[in-house]
Number of protein chains: 2
Amino acid sequence: MAQTDTVTRILDTAEVLFAERGFAETSLRNITSKAKVNLAAVNYHFGSKKALIQAVFARYLDPFTERFHTALDELESEYGERPVPLEVLLECMARTVLEVPAERNSLKVFMRLLGLAYTQAQGHLRRFIQAHYGSVFTRFAELVRRATPDLPDAERFWRLHFMLGTVIFTLSGLDALRDIAEKDYGEHVSVRELIRRLRPVVVAGMNAPLPESARAAS
Amino acid sequence: MAQTDTVTRILDTAEVLFAERGFAETSLRNITSKAKVNLAAVNYHFGSKKALIQAVFARYLDPFTERFHTALDELESEYGERPVPLEVLLECMARTVLEVPAERNSLKVFMRLLGLAYTQAQGHLRRFIQAHYGSVFTRFAELVRRATPDLPDAERFWRLHFMLGTVIFTLSGLDALRDIAEKDYGEHVSVRELIRRLRPVVVAGMNAPLPESARAAS
DNA sequence: TCTGATTATAAACGATTGTTTAAAACATAG
DNA sequence: CTATGTTTTAAACAATCGTTTATAATCAGA
């Protein structure tokens with residue numbers, strides 16, 4: 001039983017430190033000392049630092065993809081052949097993202113990790129995430145395609161990533177932005193309130209008019 | 001004259017490596033060996049690695065803020081007391097962002113650096129950028145305020161950062177996205193074309209309907 | 001051409017990194 | 001209790017990090 005305890009203590013500490021300072025800036029000694037665990041325990045239980053990083057992600061993404069798949073199952077059986085409206089799809093994704101880390105009050109950590117997965121070099125991480133969790137995103141993208149039949153494929157592809165960028169960038173850099181916001185007009189904003197603000201912006205962005213044709217551009 | 005040569009060779013190499021792998025993952029030995037410069041040259045000319053990082057940013061942001069200020073000057077004198085339309089402001093910013101690195105074909109590097117500035121911990125960088133270049137952003141935000149008088153202050157603040165997130169996130173992670181895009185539908189997309197696609201999305205996001213009131217939310 | 005300051009260089013510094021080793025502690029089944 | 005397999009531990013590993021030092025090379029001004 002002490003084994004499980006050590007493994008989860010390492011994961012709990014690692015995810016916080018990774019989220020705060022990034023992967024390269026967090027040493028195994030930082031993690032093990034704060035987790036009150038022997039240094040060698042990381043290599044013993046996980047094999048390497050890279051594997052630890054992937055394990056941290058898997059602990060969030062495994063339940064996320066599972067819940068997201070069943071949520072999409074429900075939507076598909078509810079709507080049958082009819083396309084699921086875009087707002088419903090976005091709402092579904094947002095709800096799932098909020099649910100997963102809610103149990104440990106770690107939404108902020110989860111968001112920050114997603115941001116790091118995009119921006120930190122860490123080629124192994126991108127490959128790991130793509131290989132293990134790419135399919136659920138493909139499925140979501142296909143549903144979005146049916147919800148926005150007028151959008152050219154390329155346009156929809158990019159707008160989906162614009163949307164992802166907005167959300168992940170905002171929620172991942174939340175602490176820094178919150179500092180500025182509080183200094184500017186003294187309002188403390190919660191993650192859920194931010195998501196409330198994000199929704200109309202994202203929907204409007206997805207439904208924006210098509211850009212002027214490439215040839216007509218200056 | 002050899003001095004200037006060494007300094008710029010260090011900066012040229014450092015910005016590329018930083019953009020590719022991040023700050024912590026790029027060692028001074030990586031930089032100096034690739035730049036064919038002695039290791040100690042960095043500490044001699046810049047003082048420290050932190051100072052080198054800041055110098056890399058200053059080389060982009062100094063001309064950027066200067067050009068942006070004069071471009072905003074022209075807009076203000078053109079419109080006088082009337083508010084500058086939002087589209088014009090965004091167009092002005094986009095044009096300035098494109099102009100600065102154009103001389104060295106390093107738009108990709110510039111964008112990637114901006115993304116890193118947001119996401120990498122590097123507290124000293126955030127403070128440096130805020131202290132040196134915060135004023136031009138404040139000025140821009142004030143012009144946006146006059147262009148969108150119907151938007152509550154808090155809402156506009158967050159939407160501006162949503163927009164920044166979309167653009168920086170997209171252009172900073174461009175290489176990864178481009179790989180996916182090419183694999184999905186074989187189209188190679190240029191930065192300028194991406195900006196063309198971004199514009200209507202950003203404008204629509206800024207002009208999106210207000211979210212349901214906080215109290216009415218679930 | 002000599003002088004004095006600036007720049008380049010090679011070598012070493014101590015600190016920290018991820019990982020491995022070998023022995024100790026522990027748990028559990030016979 | 002004993003024996004076996006698992007987990008923990010302290011110590012050391014080689015590699016790399018940013019920085020410093022002392023010396024050599026280069027330059028500009030008189």
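Each chain gets a letter, A, B and so on, in the order the sequences are listed, and its residues count up from 1.
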[N] [atom2] sits how many Å from [X] [atom1], rounded?
| X | N | atom1 | atom2 | answer |
| --- | --- | --- | --- | --- |
| Leu28(B) | dT9(C) | CG | C1' | 16 Å |
| Lys49(B) | dG18(D) | NZ | P | 4 Å |
| Leu39(A) | dT20(C) | CG | P | 12 Å |
| Phe18(B) | dG18(D) | CZ | P | 9 Å |
| His124(B) | dG18(D) | NE2 | P | 12 Å |
| Arg21(B) | dT16(D) | CZ | P | 13 Å |
| Phe46(A) | dT19(C) | CZ | P | 13 Å |
| Arg29(A) | dC13(D) | CZ | P | 14 Å |

Which of Thr65(A), Thr138(A), Asp62(A) passes side chain to side chain donor-acceptor pair (under 3.5 Å) with Tyr133(A)? Answer is Asp62(A)
From the options dT19(C), dT9(C), dG18(D), select the nucleotide whose nearest atom is closest to the side chain of Ala40(B).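 Of the candidates, dT9(C) comes closest.
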Selection from dT20(D), dA8(C), dT17(C) that lies nearest to any side-chain heavy atom of Asn43(B): dT20(D)
Nearest nucleotide by nearest heavy atom, which residue falls closer to the 5' end of DNA chain C, Tyr44(A) or Asn30(A)?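 Closest to the 5' end, via its nearest nucleotide, is Asn30(A).
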Which sits closer to the 5' end of DNA chain D, Gly47(B) or Ala41(A), going by the nucleotide each is nearest to?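 Closest to the 5' end, via its nearest nucleotide, is Ala41(A).
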Is there a side-chain contact between [X] and the phosphate of [N], meaning an N or O under 4.0 Å from OP1 or OP2?
| X | N | value |
| --- | --- | --- |
| Ser48(B) | dG18(D) | no |
| His45(A) | dT8(D) | yes |
| Ser27(B) | dC17(D) | yes |
| Asn38(B) | dT7(C) | no |

Is Thr26(A) touching bases, backbone alone, or none of the nucleic acid, heavy atoms closer than 4.0 Å? sugar-phosphate
I'd like to know whether Asp73(A) forms a side-chain hydrogen bond (donor to acceptor under 3.5 Å, both in side chains) with Thr70(A), so could you lay out the CA-CA distance, the side-chain angles of the two residues, the decisive distance to 0.1 Å, and finally the verdict. CA-CA 5 Å; Asp73(A) 287 343; Thr70(A) 72; 6.0 Å; no
Answer yes or no: is there a donor N or O on one side and an acceptor on the other, between the side chain of Arg159(B) and the main chain of Ala208(B), under 3.5 Å? yes
Is the backbone of Thr96(B) close enough, under 3.5 Å, to the side chain of Arg67(B) for a donor and an acceptor to pair up by distance?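 Checking the backbone N and O of Thr96(B) against the side chain of Arg67(B), no donor-acceptor pair under 3.5 Å is found.
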When you compare the side chains of Thr6(A) and Tyr44(A), does any donor N or O come within less than 3.5 Å of an acceptor on the partner?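 Thr6(A) vs Tyr44(A): no donor-acceptor pair found between side chains.
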